[in-house]
Amino acid sequence: APLAETARQAPPQRPRCSLAVATDARDAMGDLVERGFAAACPEVDAEFVAVGAREALEGLMVGRADAVVFAGQLTPQD
């Protein structure tokens with residue numbers, strides 16, 4: 001009788017998330033955003049990208065970021 005082949009399974013991938021952190025938020029909160037996210041969602045592999053407010057919003061709109069963190073108010077142009 002042939003030996004049964006065992007299929008090798010890849011380890012499950014962790015969910016990924018990209019967060020655009022506006023520079024005003026990083027200046028105001030330091031690494032609090034990263035630490036808070038890690039504590040709230042330890043199973044998520046999060047990438048934090050520091051960008052300007054307009055770039056953060058644009059990244060969200062075109063799908064480069066899953067979420068955006070701002071510390072100030074957005075202008076009508078944003």
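These figures come from a predicted structure and were not determined experimentally.
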For the residue pair A22 and A53, what are the closest heavy atoms and their distance?
CB-CA, 4.0 Å
I need the minimum non-hydrogen distance between A39 and P42, along with the two atoms involved.
O-CD, 3.7 Å
With sequence neighbours left out, which residue pairs that include part of residues 14-58 fulfil the ring-ring contact (aromatic ring centres under 6.0 Å, His included) condition?
F37-F48
Under a single-linkage rule joining Ile, Leu, Val, Met, Phe, Trp and Tyr whose side-chain heavy atoms are separated by less than 4.5 Å, which residues share a cluster with V49?
V51
If you define the side chain from C-beta out and look only at heavy atoms, does anything of R35 sit under 4.5 Å from M29?
no
Identify each donor-acceptor pair in which a side-chain atom of residues 58-68 lies under 3.5 Å from a protein atom, sequence neighbours left out, and give them as a table.
| unit_1 | atom_1 | unit_2 | atom_2 | d |
| --- | --- | --- | --- | --- |
| E58 | OE2 | R64 | NH2 | 3.2 |
| D66 | OD2 | S18 | N | 2.8 |

Given V21, L57, T23, the one that forms side chain to side chain contact (heavy atoms under 4.5 Å, CB included) with F70:
L57
